[in-house]
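Taking it in order: structure first as structure tokens, then the write-up.
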Amino acid sequence: MKALVYHGPGQKVWEHVPDPKIIDPTDVIVQVDITTICGTDLHILKGDVPAVTDGRILGHEGVGTITEVGQAVSKLAVGDRVIISCVTSCGSCSYCHQHLPAHCLDDEGTSGIGWIFGHLIDGTQAEYVRVPFAENSLHKMPEGVSDEAAVMLSDILPTGFEIGVRNGRVEPGDVVAVIGAGPVGLSAMMTAGLYGASRIIAIDLDDNRVQQAKGFGATDGVNSGDAGWQDEVLAMTDGLGVDVAIEAVGMPATFLMATELIRPGGTVANVGVHGKSVELKLQDLWIKDIAITTGLVSATTTPMLLRLVAQGKLTPEKFVSHRFTFEAIIDAYDTFGRAAETKALKVAITR
Ligand SMILES: NC(=O)c1ccc[n+]([C@@H]2O[C@H](COP(=O)([O-])OP(=O)(O)OC[C@H]3O[C@@H](n4cnc5c(N)ncnc54)[C@H](O)[C@@H]3O)[C@@H](O)[C@H]2O)c1
Ligand SMILES: [Zn+2]
Ligand SMILES: [Zn+2]
């Protein structure tokens with residue numbers, strides 16, 4: 001088969017590799033019908049994720065068709081169409097029992113992290129992929145859901161919902177600020193309405209993204225490059241601050257922004273992946289009764305989100321801004337990697 005193989009920082013090749021094989025009886029093999037690229041893949045290519053080594057097939061998002069099942073697999077069959085979750089879960093370790101498969105302990109001997117595709121094992125940017133713990137890690141595609149909608153349920157939609165909206169404890173009537181209107185921030189905006197937020201404020205430096213956010217559930221938009229942006233946000237509240245501030249960038253400055261916008265008693269939900277140490281101004285924050293949450297997506301809400309997609313209540317297919325075939329995956333990376341110029345949100349890569 002052919003796959004996108006990582007060969008060290010800055011190096012990736014679409015090349016021939018051996019077909020994946022069933023290793024454990026709980027595995028299945030999936031022929032990938034559609035995959036996409038995540039910002040995390042760009043981090044890996046920069047060399048920011050040293051656990052990813054030369055020869056690794058990238059990708060942790062995808063929808064496909066099962067072509068082979070292991071001996072212990074009874075609930076899935078050849079021909080089933082499935083969504084591949086970015087997090088695999090053994091289903092039996094203590095973290096899986098606590099509904100935290102993000103920290104699944106039984107991930108092929110490399111304990112403590114459920115995100116292994118395109119990281120610790122070969123991923124989904126390939127014609128075929130081996131899926132371990134398949135019955136716990138795949139979701140059957142319901143009728144009437146498009147591949148382009150479904151592939152957003154592998155990672156970005158559960159991330160925005162679980163780590164942004166749910167950790168942020170959004171309640172009816174809340175004013176929610178989302179800092180960062182990339183695919184993950186937009187996913188938080190798209191799902192904040194599920195809990196009845198009264199206002200959802202998109203904050204970004206990129207005017208195009210602030211504008212785009214209105215199509216993803218944002219009621220208001222603010223460019224944080226403008227002088228007085230903070231007053232603009234406060235004017236959208238009762239003057240005391242937002243109830244929930246979701247950080248979806250991953251920079252010290254944007255985390256600080258979240259802690260400055262929050263009202264006493266509010267919640268700052270950090271979603272961004274931080275590479276640098278971040279200042280926490282506890283001397284100002286302790287008296288505000290705020291909560292700060294962090295998290296790695298577990299993707300346990302994918303079945304619920306899928307029901308909403310099937311009912312037309314969520315329409316994540318609108319994330320797809322560009323389309324490519326597997327043979328053009330290098331062009332897909334180029335377009336996605338220059339998102340500010342190309343206005344790319346998510347690229348669909350199909351066979
Ligand atoms: N916690 C998790 O489980 C998890 C899972 C997936 C992704 N993530 C992280 O979520 C974050 C967002 O992911 P994404 O794919 O949407 O990223 P992205 O890079 O596409 O989007 C980030 C957005 O932030 C904006 N931005 C940058 N600097 C800013 C600033 N100073 N002020 C305001 N806006 C600014 C950019 O213009 C961009 O629109 C990343 O850090 C990613 O690694 C976390
Ligand atoms: Zn991802
Ligand atoms: Zn587990």
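Just so you know, these numbers use all the heavy atoms, side chains as well, and skip hydrogens, waters and symmetry mates. Read the numbers this way: they start at 1 and go in the same order the structure lists the ligands and their atoms.
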Report the nearest protein non-hydrogen atom to [atom]: residue, atom name, distance rounded to 0.1 Å.
atom: atom 21 (O) of ligand 1; answer: G182 CA, 3.4 Å
atom: atom 29 (C) of ligand 1; answer: L205 CD1, 3.6 Å
atom: atom 43 (O) of ligand 1; answer: V273 CG2, 3.2 Å
atom: atom 11 (C) of ligand 1; answer: A248 O, 3.7 Å
atom: atom 3 (O) of ligand 1; answer: V297 N, 2.9 Å
atom: atom 16 (O) of ligand 1; answer: V184 N, 2.9 Å
atom: atom 6 (C) of ligand 1; answer: T159 CG2, 3.8 Å
atom: atom 37 (O) of ligand 1; answer: D204 OD1, 2.6 Å

Below 4.0 angstrom, N of the basic side chain to O of the carboxylate: do [X] and [Y] qualify?
X: R81; Y: D33; value: yes
X: K318; Y: E148; value: no
X: K21; Y: E68; value: no

For [X], take its heavy atoms, then give the atoms of ligand 1 lying under 4.0 Å from any of them.
X: G295; answer: 1 (N), 2 (C), 3 (O)
X: L296; answer: 3 (O)
X: T254; answer: 29 (C), 30 (C), 31 (N), 32 (N)
X: S224; answer: 32 (N), 33 (C)

_Note, P264 side chain near D289 side chain (heavy atom, < 4.5 Å)_ =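 The answer is no, as the side chains (C-beta and beyond) never meet within the 4.5 Å cut-off.
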
*For the residue pair F216 and F319, categorise the inter-ring angle as parallel (less than 30°), tilted (30 to 60°) or perpendicular (more than 60°).*
tilted

*asked:* Taking 2.8 Å as the cut-off, does D155 contribute an N, O or S atom near the Zn ion (ligand 2), distance below it?
replied: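 True for D155.
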
*Backbone or side-chain N/O/S of C86 under 2.8 Å of the Zn ion (ligand 2)*: no

*Between CG of L240 and CG of L261, what distance do you get to the nearest 0.5 Å?*
13.0 Å

*Would you give the length of the straight line joining atom CG of N223 to atom CG of D204, rounded to the nearest 0.5 angstrom?*
7.5 Å

_Backbone or side-chain N/O/S of C93 under 2.8 Å of the Zn ion (ligand 3)_ = yes

*Does C104 bring an N, O or S atom to under 2.8 Å of the Zn ion (ligand 3)?*
yes

*Would one find an N or O of V271, backbone or side chain, under 3.5 Å from an N or O of ligand 1?*
yes

*Ignoring hydrogens and geometry, is there a side-chain-to-backbone donor-acceptor pair from E247 to V268 under 3.5 Å?*
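Pair absent, no side-chain N/O of E247 close to backbone of V268.
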
_Flag if over 12 foreign heavy atoms under 6.0 Å of CZ, R169_ = no

*Select the closest option to atom 35 (C) of ligand 1 among N270, V249, N167, D207, judged by heavy-atom distance.*
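Closest candidate by heavy-atom distance is V249.
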
_Selection from R209, M251, K346, E162 by shortest heavy-atom distance to atom 18 (P) of ligand 1_ = R209

*Validate the cation-pi geometry between K2 and F326: distance from NZ or CZ to the six-membered ring centre under 6.0 Å, angle to the ring axis within 45°.*
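No, K2 and F326 do not form such a contact.
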
